[in-house]
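Step one of this worksheet: look at the structure below.
Lettering of chains follows the sequences in order, A, B, ..., and the numbering in each one begins at 1.
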Amino acid sequence: MKFLLLFIAGGIFSSALVLSEMTKPEKVRAFLDFTGNWDPSLLFVLGSAVLTYGVIFRVVSKTPKPIFESRFEVPQNRKITPKLLIGAAIFGVGWGLSGLCPGPAFAAIFASKGIFTFVIAIMVGMGLSNIIEKFKRAEDIASEL
Amino acid sequence: MNILTLIIAGAMLGVSVGLVFITVGKVAGISSIANGALARNPQQWKLAFLLGLVACGGLLFAFFPSSFSQPDLSNSGLIIGGLLVGFGTRISNGCTAGHGICGNARFSKRSILATLTFITTGALTVFVGGVL
């Protein structure tokens with residue numbers, strides 16, 4: 001049941017991306033083209049998504065627990081770190097270059113060889129950052145000894 | 001494109017990540033879900049979501065191929081773009097979904113700043129690409 005519901009959630013996500021044509025990288029790049037032929041589509045999609053989730057989040061947070069787990073896990077980290085900003089800046093460059101963020105890339109993985117290549121590169125990029133984090137953590141532990 | 005369609009699509013995205021919160025009580029970021037698939041013991045809910053996303057996307061491509069297109073980039077451009085997206089989203093703990101939808105809806109200061117940052121560098125990249 002849990003697997004099925006989460007599978008459906010993933011399906012709704014990609015259906016929404018296809019419906020709004022966010023699976024077309026040139027449309028996403030047109031949203032980022034503020035000085036050119038600006039296409040505000042993504043703003044409506046994102047705005048509506050934030051509003052909808054905002055309502056669901058607030059209502060559901062008042063219930064005792066999620067259906068399949070014992071408690072809600074909301075990120076508690078409030079620190080603005082250089083890592084956050086540098087990471088977001090790097091992501092933005094990749095996003096602007098390609099017009100693809102992780103959601104649409106995965107939804108369109110079968111659409112072309114190019115996007116398949118892109119997804120593989122995403123996974124390699126994530127793997128690299130995981131390796132660096134692991135080294136950093138080992139270093140932090142070592143410096144505390 | 002019709003604004004109503006865009007608003008419905010956005011609401012569907014909200015319902016999708018909302019469903020994750022209702023069922024497993026977690027924040028649904030696609031970058032963290034994808035990264036979860038790389039873990040030694042992947043969490044079942046992440047795999048299920050990713051599978052639904054990919055399978056449904058593939059099915060929709062079969063029926064509506066004109067709703068999809070490919071970035072206008074060479075192979076090396078695609079690889080560089082993907083590496084930056086994968087690396088950047090991991091070190092900032094979120095992407096357009098995790099920060100852009102979930103974090104902003106919670107008024108998380110981190111997510112608001114991250115969103116402003118990636119929209120700014122994304123816009124700068126498109127601008128520079130247009131000038132070159």
Just wondering, do [Y] and [X] contact through their side chains at under 4.5 Å, heavy atoms?
X	Y	value
A:Leu84	B:His99	yes
A:Tyr53	B:Val20	no
A:Phe110	B:Val54	yes
A:Thr52	B:Leu13	no

Nearest heavy atoms of [X] and [Y], plus distance in Å:
X	Y	value
A:Leu97	B:Thr125	N-CG2, 3.6 Å
A:Ala88	B:Ser92	N-CB, 3.4 Å
A:Ala16	B:Ala9	CB-O, 3.3 Å
A:Glu69	B:Val24	CG-O, 3.3 Å
B:Ser31	A:Met126	O-CE, 3.2 Å
A:Lys2	B:Gln44	CE-OE1, 4.0 Å

Between [atom1] of [X] and [atom2] of [Y], what distance do you get to the nearest 0.5 Å?
X	Y	atom1	atom2	answer
A:Ser112	B:Gln70	OG	CD	3.5 Å
B:Leu51	A:Phe3	CG	CZ	5.5 Å
A:Ser20	B:Asn2	OG	CG	12.5 Å
B:Ile8	A:Phe44	CD1	CZ	13.5 Å
A:Glu21	B:Thr5	CD	OG1	9.5 Å

Return the option, out of [options], with the maximum number of heavy-atom pairs under 4.5 Å with chain A.
options	value
B:Thr120, B:Leu47, B:Leu116, B:Leu83	B:Leu83
B:Gly10, B:Gly88, B:Ser67, B:Gly129	B:Gly10
B:Cys95, B:Gly52, B:Ala114, B:Cys102	B:Gly52
B:Leu38, B:Ile30, B:Thr89	B:Ile30
B:Asn35, B:Thr117, B:Val27	B:Asn35
B:Gly58, B:Ser108, B:Ala34, B:Gly29	B:Ala34

Please state whether the side chain, the backbone, both or neither of [X] comes within less than 4.5 Å of a heavy atom of chain B.
X	result
A:Lys83	both
A:Thr63	neither
A:Pro75	both
A:Met1	neither
A:Asn130	side chain
A:Phe68	both
A:Thr117	side chain
A:Ser41	both

Selection from [options] maximising heavy-atom pairs under 4.5 Å formed with chain B:
options	answer
A:Val50, A:Thr81, A:Ile109	A:Val50
A:Pro66, A:Pro104, A:Gly127, A:Gly99	A:Pro66
A:Leu128, A:Val60, A:Ile132	A:Val60
A:Leu46, A:Val59, A:Val124	A:Leu46
A:Arg29, A:Glu133, A:Arg71	A:Arg29
A:Ser98, A:Gly94, A:Gly114, A:Ala49	A:Ala49

Tell me, side chain or backbone of [X] under 4.5 Å from chain A's heavy atoms, or both, or neither?
X	result
B:Ser32	neither
B:Leu59	neither
B:Ile91	both
B:Ile101	both
B:Thr23	both
B:Ala97	side chain
B:Phe49	both
B:Phe127	side chain
B:Ala11	both
B:Ile79	both

Derivation and outcome, side-chain contact (heavy atoms from CB on, under 4.5 Å), residues A:Phe106 and B:Ile33 = CA-CA 11 Å; A:Phe106 275 94; B:Ile33 288 173; over 6 Å; no
query = Does NZ in A:Lys65 sit with more than 12 non-hydrogen atoms of other residues, nucleotides or ligands closer than 6.0 Å?
reply = yes
ILVMFWY cluster, [X] and [Y] together (side-chain gap under 4.5 Å):
X	Y	result
A:Leu43	A:Val28	yes
B:Ile112	A:Leu42	no
A:Ile67	A:Phe57	yes
B:Val85	A:Val119	yes
A:Ile120	A:Phe91	yes

key: Of B:Val128, B:Thr121, B:Leu124, the residue whose pairing with A:Val93 passes side-chain contact (heavy atoms from CB on, under 4.5 Å)   = B:Thr121
query = What class does the angle between the rings of A:Phe72 and B:Phe21 fall in, given that below 30° is parallel, 30 to 60° is tilted and above 60° is perpendicular?
reply = parallel
task = Measure from the side-chain N and O atoms of A:Lys24 to the backbone N and O of B:Ser66, and report whether any donor-acceptor pair falls under 3.5 Å.
result = yes
ask   = Between the side chain of A:Thr23 and the main-chain N/O of B:Phe68, is any donor-acceptor distance below 3.5 Å?
value = no
message = Could you go through A:Trp95 and B:Ile119, starting from their C-alpha distance and side-chain angles, then the distance that decides it, and tell me whether this counts as side-chain contact (heavy atoms from CB on, under 4.5 Å)?
response = CA-CA 9 Å; A:Trp95 190 38; B:Ile119 289 182; 4.0 Å; yes
